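Remember, it's 1-based here, ligands and their atoms both numbered in the order they're listed. Everything quoted here is computed from the prediction, not taken from an experiment.
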Amino acid sequence: MIGVYDSGVGGLSVLRSLTELMPDRPYIYVADSGHGPYGERESAHVIERAERVTDWLVGRGIEALVVACNTATAVAVEQLRAAHPALPIIGVEPALKPAVGLSHTRRIGVMATRATLASSKFQRLLESLRDQAHFEIRACDGLAMAIERCADLDPSGQAQSELLAELRACAMTHLQALGPLGDKGVDVVVLGCTHYPLIRPLLQELAGPTVQLLDTGPAIARQTHKRLGESADAADPKGTQGTRDIELVSTGQAACLEAAARRWVGGPLRSTTLDLP
Ligand code: DGL
C-alpha cells in the first residue's frame with residue numbers, strides 16, 4: 001500500500017498520476033485539511049503535522065510514502081526521512097530544472113506557496129539554476145485555499161459562481177504578477193504547489209496558449225514506481241487494466257475530499273474522517 005499525503009485536496013493531482021501508472025496498487029490518501037492549508041503557516045506547524053500524519057500512515061502499514069505537497073516536502077521531508085530510515089519517502093519539488101530545458105525566452109515563472117519559496121531547500125535549488133534562466137517568483141497567497149473551497153463544487157452549478165469567480169480573480173492576480181506572458185516574456189510557468197494542477201484548464205485559459213504549465217505529478221509517479229522496484233511491465237500508463245483500491249482519509253471534511261477525488265481521480269473510492277489532533 002502506498003501512502004499519499006497533502007494538506008488538503010492538492011495531492012489528488014499526484015494521486016491521479018500514481019493511479020494511472022500503477023493502477024493495481026492499494027492507496028491511502030490523507031488530506032490534512034483540518035490543519036491546513038500549510039503554505040502560510042509556521043514551519044513548526046508543518047513539521048509537526050507531517051510527523052503526525054506519517055506516524056499514522058506507518059501504523060497503517062504503508063510500504064512507501066509520497067509527500068504530495070511541495071510545502072511539506074520543502075519544510076519537513078528531512079525530518080521524516082530521519083525518523084523513518086527504512087521507509088521510501090518520495091517528496092515533490094517545483095520543476096525548475098525541467099523548465100530551464102523547455103523555455104525559449106529563458107524567463108520562467110514559479111508559482112508556489114510562501115512557505116515553499118522561503119525554505120532553504122527551494123533557495124538552494126534556485127541558486128543552482130540562476131545563471132541558466134531568469135526566474136519570476138510568486139508567492140501565491142490564498143490560491144491553494146481558494147482551490148480547496150471550490151474542491152467539491154460542480155463547475156457548472158450557478159449557486160457556486162461566487163466562489164469560482166473568487167478563484168478566477170485570485171489566479172489572475174498571481175499570473176499577472178509574473179509580468180508579460182508568452183513568447184516575448186515568461187513562456188513556462190512552474191506549478192510549484194500540488195493544488196495548482198487541479199485548475200490547469202483555468203490557468204491555461206488565463207495565461208494564454210503560448211505558455212507551458214509544468215507540474216510534477218507524472219515525474220513523481222515514475223520515481224515512486226522506480227523506488228518500489230516494480231518492473232516496467234507492471235506499469236499501465238493508460239490506467240485501463242487495474243482494479244483501483246483507494247482509501248481517502250480527511251482530518252477535515254471527508255465528503256468534500258470524496259467529491260474532489262471523484263472529480264479529479266475517479267474510480268471506486270472509500271472515505272473516512274480521521275480525528276488526528
Ligand atoms: N498542496 C500544497 C503544496 O504543494 C500545499 C498548499 C497549502 O497547504 O498551502 O504546497
Any side-chain donor paired with an acceptor under 3.5 Å for T113 and T116?
yes
When you measure from the side chain of S13 to the backbone N and O of T194, does any donor-acceptor pair fall under 3.5 Å?
yes
Could you list the residues that satisfy salt bridge (charged side-chain N to carboxylate O under 4.0 Å, His left out) with E205, not counting sequence neighbours?
R168
Mind jotting down which protein residues get a heavy-atom contact under 4.0 Å with ligand 1? Chain and number order, please.
D6, S7, P37, Y38, G39, C69, N70, T71, T113, A144, C193, T194, H195
For the pair Y38 and H45, name the ring-plane relationship: parallel under 30°, tilted 30 to 60°, perpendicular over 60°.
perpendicular
For L276, the option from D55, V30, V53, D32 that meets side chain to side chain contact (heavy atoms under 4.5 Å, CB included)
V53
So which heavy atom on A260 is nearest to which on V9, and how close?
CB-CG1, 3.9 Å
